Amino acid sequence: MSHDLAEKTTGLASRVNNLAVLQTGVDSRALLEQQDRLAKLALVAIVKDLDAEADEYKAAIKGLDEAIEFIGEAQRKIQDVAKAIRLVKKAADLVEKAITKFG
């Protein structure tokens with residue numbers, strides 16, 4: 001059992017929260033909604049027995065890594081917030097798919 005998925009999901013949630021604070025309006029709300037979703041998914045991933053060798057798990061890790069790399073430490077405004085939101089949603093969708101696969 002690997003905890004990488006839960007740890008990376010939590011890490012992305014933290015970065016998304018930091019980025020949301022730097023934004024306003026619709027972008028901030030969208031990011032906060034994704035942060036909340038990621039936090040919930042991380043809690044589920046912690047209690048699930050996930051197979052780190054499963055394709056869905058690997059895809060989720062890749063999606064998380066892409067979003068984390070794009071957002072970075074989120075200590076400044078980024079140019080393309082819409083892309084950040086898309087990458088975060090994609091990562092959350094992949095995490096949810098991996099978690100769902102294992103009941």
Side-chain angles (χ1 to χ4, degrees):
M1 181 165 100
S2 175
H3 296 287
D4 287 346
L5 189 93
E7 290 172 6
K8 287 180 183 266
T9 303
T10 301
L12 179 57
S14 176
R15 285 171 171 82
V16 169
N17 184 67
N18 292 344
L19 182 59
V21 171
L22 298 173
Q23 306 305 313
T24 59
V26 174
D27 289 340
S28 179
R29 284 190 296 280
L31 288 164
L32 289 172
E33 287 173 6
Q34 291 297 336
Q35 183 272 333
D36 185 53
R37 182 178 178 207
L38 288 165
K40 289 175 184 174
L41 288 169
L43 291 174
V44 174
I46 289 168
V47 299
K48 293 275 187 171
D49 186 18
L50 303 175
D51 178 5
E53 297 304 314
D55 290 339
E56 293 84 358
Y57 188 98
K58 291 176 183 178
I61 293 293
K62 183 179 180 202
L64 288 163
D65 286 341
E66 289 172 358
I68 289 168
E69 181 179 338
F70 184 79
I71 293 173
E73 293 303 313
Q75 294 177 358
R76 57 174 171 64
K77 284 192 177 184
I78 59 175
Q79 292 292 328
D80 195 348
V81 176
K83 181 175 180 179
I85 292 169
R86 284 192 308 273
L87 286 171
V88 171
K89 182 185 180 317
K90 176 185 172 187
D93 289 346
L94 290 167
V95 170
E96 189 168 46
K97 184 176 180 180
I99 289 171
T100 304
K101 176 185 170 80
F102 298 100

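In this text the structure is predicted, and so the values were computed from the model without any measurement.
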I'd like to know if Val44 and Val16 are part of one continuous hydrophobic network [Ile/Leu/Val/Met/Phe/Trp/Tyr, side-chain heavy atoms within less than 4.5 Å].
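Hydrophobic grouping puts Val16 with Val44.
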
Leu38 and Leu94: same hydrophobic cluster, using ILVMFWY side-chain contacts below 4.5 Å?
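Different clusters: Leu38 never reaches Leu94 through Ile, Leu, Val, Met, Phe, Trp or Tyr contacts under 4.5 Å.
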
Looking only at non-hydrogen atoms, find the nearest pair between [X] and [Y] and report the distance.
{"X": "Ile71", "Y": "Arg15", "result": "CG2-CB, 4.0 Å"}
{"X": "Gln34", "Y": "Ala92", "result": "OE1-CB, 3.9 Å"}
{"X": "Ala60", "Y": "Ala98", "result": "CB-CB, 4.2 Å"}
{"X": "Leu64", "Y": "Lys8", "result": "CD1-CB, 3.8 Å"}
{"X": "Phe70", "Y": "Asp80", "result": "CE2-O, 3.6 Å"}
{"X": "Asp51", "Y": "Tyr57", "result": "O-CB, 3.3 Å"}

Heavy-atom side-chain proximity of Leu12 to Val95 below 4.5 angstrom
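No, every pair of side-chain atoms sits at 4.5 Å or beyond.
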
Report yes if some heavy atom in the side chain of Val81 is under 4.5 Å from a heavy atom in the side chain of Leu31; otherwise report no.
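When only atoms from C-beta onward are counted, Leu31 and Val81 do touch, with a gap below 4.5 Å.
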
Between atom [atom1] of [X] and atom [atom2] of [Y], what is the distance when rounded to the nearest 0.5 Å?
{"X": "Leu87", "Y": "Ile68", "atom1": "CG", "atom2": "CD1", "value": "11.0 Å"}
{"X": "Thr24", "Y": "Arg29", "atom1": "OG1", "atom2": "CZ", "value": "9.0 Å"}
{"X": "Lys58", "Y": "Glu53", "atom1": "NZ", "atom2": "CD", "value": "4.5 Å"}
{"X": "Leu5", "Y": "Ile99", "atom1": "CG", "atom2": "CD1", "value": "6.0 Å"}

Atom NZ of Lys97: over 12 foreign heavy atoms under 6.0 Å
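Not more than 12 within 6.0 Å, no.
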
Summary of salt bridge (Lys or Arg N to Asp or Glu O under 4.0 Å) pairs that have at least one residue in residues 81-91, sequence neighbours excluded
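For residues 81-91, and leaving out neighbouring residues, the salt bridge (Lys or Arg N to Asp or Glu O under 4.0 Å) pairs sorted by first residue read Glu66-Lys90, Lys89-Asp93.
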
